[in-house]
Amino acid sequence: MSAYRWKSFAEDEDRPEKPRRHGVTEIRGPHYSFLNQNLLQDIFESMGPFVDGLKFSGGSHSLMPKSFVKEITDIAHEHNVYVSTGDWAEHLLRRGPSAFNEYVQECKQLGFDTVELNVGTLEIPEDTLLRFVRTIKSGGLRAKPLFAVKFNKSDIPRAGDRAFGAYVVPEPRSSEFIEDVDLLIRRAERCLEAGADMIMIDPEDVCNADAVRSDIIAKIVGRLGLEKTMFEASNARTSEWFIQRYGPRVNLFVDHSQVMDLECLRGRKLGQNHSSVLGSSYFLF
């Protein structure tokens, strides 16, 4: 069996066995396509050692029966895979301040391990965001804020008033969005100081079909570190770019159909581009 299996985590110091703090692979759960328990079971049984997390994207768990959600989280935990809520908390704000506390407790009861906070859609003051992070941590769950590089113009402090903690007079909401990676990093650092476990970076601003914003990514990784950041790789070429640039230690969020290709890229150099890495694993599903 050892001659058949080319992958051995014991031989790869950059990629330890689960649970891992770096080299994490998180896959997308039910959202763009429906994944039933049988398909998830097949994925975890065939690729479980390479999958660290499962994310319910787009608030899909809110549309499912609680019993079904619990069955999925139980299956994931059987294979040492953590489960993330995805960005859904922004829909709770209209229900009052106590709704978020109830949401965290319900997530814990359903078997979720991580609560994601989409900072861009929450549109809340920074102190409130940090309080949400502490609430998640006090509830025994992991917190993962999601940041975008582009901010609403009214959210960017004016010159001479960029220090955190200083009171800034609120301005009317603007329809203009401005790129400010330094503001992203400073807010992410505050979240990490408050107890956040990892920072998710919105892929729309850094990775698209045409190019990868290497300047932005380098600045984020340089300040926050590889272990504390996760990037979405929407396709195999993007995954290859991250692995070539930052090695197997980079944390990536991918579609479940890309897991095998990604693991080959992490494990050894099998080709110069993604099409030469085991062809495509899409035929598996």
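Residue indices begin at 1 and follow the sequence shown. Remember, predicted model here, so these are calculated numbers, not experimental data.
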Working for side-chain contact (heavy atoms from CB on, under 4.5 Å), residues Gln244 and Leu265: CA-CA 8 Å; Gln244 288 182 338; Leu265 288 169; over 6 Å; no

Trace of the side-chain contact (heavy atoms from CB on, under 4.5 Å) decision for Ile185 with Phe147: CA-CA 9 Å; Ile185 292 172; Phe147 283 91; over 6 Å; no

Chi angles and distances behind the side-chain contact (heavy atoms from CB on, under 4.5 Å) call for Met47, Glu263: CA-CA 9 Å; Met47 301 182 291; Glu263 195 59 35; over 6 Å; no

Worked check of side-chain contact (heavy atoms from CB on, under 4.5 Å) between Asp182 and Arg186: CA-CA 6 Å; Asp182 291 318; Arg186 286 195 294 272; 3.6 Å; yes

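Of the options Ile216, Ile201, Leu226, a side chain to side chain contact (heavy atoms under 4.5 Å, CB included) to Val221 is made by Leu226 and by none of the others.
The two residues Leu54 and Val81 have their closest heavy-atom pair at N-CG1, 3.7 Å. Residue Phe112 comes nearest to Thr73 through the heavy atom pair N-CG2, 4.4 Å, listed as atom of the first residue, atom of the second, then distance. Minimum interatomic distance between Ala196 and Val133 (heavy atoms only, all atoms of both residues): N-CG1, 3.6 Å. Here the shortest heavy-atom pairing between Leu129 and Cys191 reads CD2-SG, 3.7 Å. Heavy atoms only, all atoms of each residue included: Leu130 and Ala194 are closest at CD2-CB, 4.0 Å.
Two residues are said to be in side-chain contact when any heavy atoms from C-beta on lie closer than 4.5 Å; Val181 and Arg213 fail this criterion. In this structure the side chain of Val149 never reaches within 4.5 angstrom of the side chain of Asp202, judged on heavy atoms. With contacts defined as side-chain heavy-atom distances shorter than 4.5 Å, the pair Thr128/Phe100 does not qualify. Using a 4.5 Å heavy-atom threshold, the side chains of Arg28 and Lys55 count as separate. Inter-residue side-chain proximity for Val104 and Leu141 is flagged as met; some heavy-atom pair is nearer than 4.5 Å. Here the side chains of Trp241 and Ser214 are in contact, with some heavy-atom distance below 4.5 Å. No side-chain heavy atom of Phe132 sits less than 4.5 Å from a side-chain heavy atom of Val115.
Expressed to the nearest 0.5 Å, how far CZ of Phe56 lies from OG1 of Thr114 amounts to 12.5 Å. The line from CG of Asn235 to CD of Gln258 is 6.5 Å long, rounded to the nearest 0.5 Å. Rounded to the nearest 0.5 Å, atoms CD (Gln105) and OG1 (Thr135) are 10.0 Å apart. Considering OG of Ser239 and CG of Asp261, their distance stands at 8.5 Å, rounded to 0.5 Å. Rounded to the nearest 0.5 Å, atoms CG (Asn251) and NZ (Lys228) are 10.0 Å apart. Residue Ile243 holds its CD1 atom at 11.5 Å from OG1 of Thr238, rounded to the nearest 0.5 Å.
In summary, the side chains of Ser98 and Asn101 do not present any donor paired with an acceptor at a separation below 3.5 Å, with no hydrogens or angles considered. Side-chain polar atoms of His79 and Gln41 form a donor-acceptor pair below 3.5 angstrom.
Side chain of His77 to main chain of Gly111: a donor-acceptor pair is present (N/O by atom type, distance under 3.5 Å, no hydrogens or angles). Remark: side-chain polar atoms of Arg20 are not paired, donor with acceptor, to backbone N or O of Arg249 under 3.5 angstrom. No donor-acceptor pair closer than 3.5 Å links the side chain of Thr25 to the backbone N or O of Asp52.
Using a 4.5 Å cut-off between side-chain heavy atoms of Ile, Leu, Val, Met, Phe, Trp and Tyr, with links allowed through other members, Ile199 and Phe242 fall into the same hydrophobic cluster. A continuous path of ILVMFWY side-chain contacts below 4.5 Å connects Val119 to Ile220, so both sit in one hydrophobic cluster. Both Ile217 and Val254 are members of a single hydrophobic cluster when ILVMFWY side chains are connected at heavy-atom separations under 4.5 Å. Linking ILVMFWY residues whenever their side-chain heavy atoms come closer than 4.5 Å, directly or via other members, places Ile124 and Leu192 in the same cluster. Follow the hydrophobic side-chain contacts under 4.5 Å out from Leu146 and you never reach Leu184; the two are in separate clusters.
Remark: Lys144 engages Glu26 in a salt bridge, criterion side-chain N to carboxylate O under 4.0 Å. Remark: Asp74 engages Lys70 in a salt bridge, criterion side-chain N to carboxylate O under 4.0 Å.
A cation-pi geometry, defined here as NZ or CZ lying under 6.0 Å from the six-membered ring centre and within 45° of its normal, holds between Arg142 and Tyr82.
Qualifying salt bridge (charged side-chain N to carboxylate O under 4.0 Å, His left out) partners for Asp197, counting only residues two or more places apart in sequence or in other chains: Lys137.
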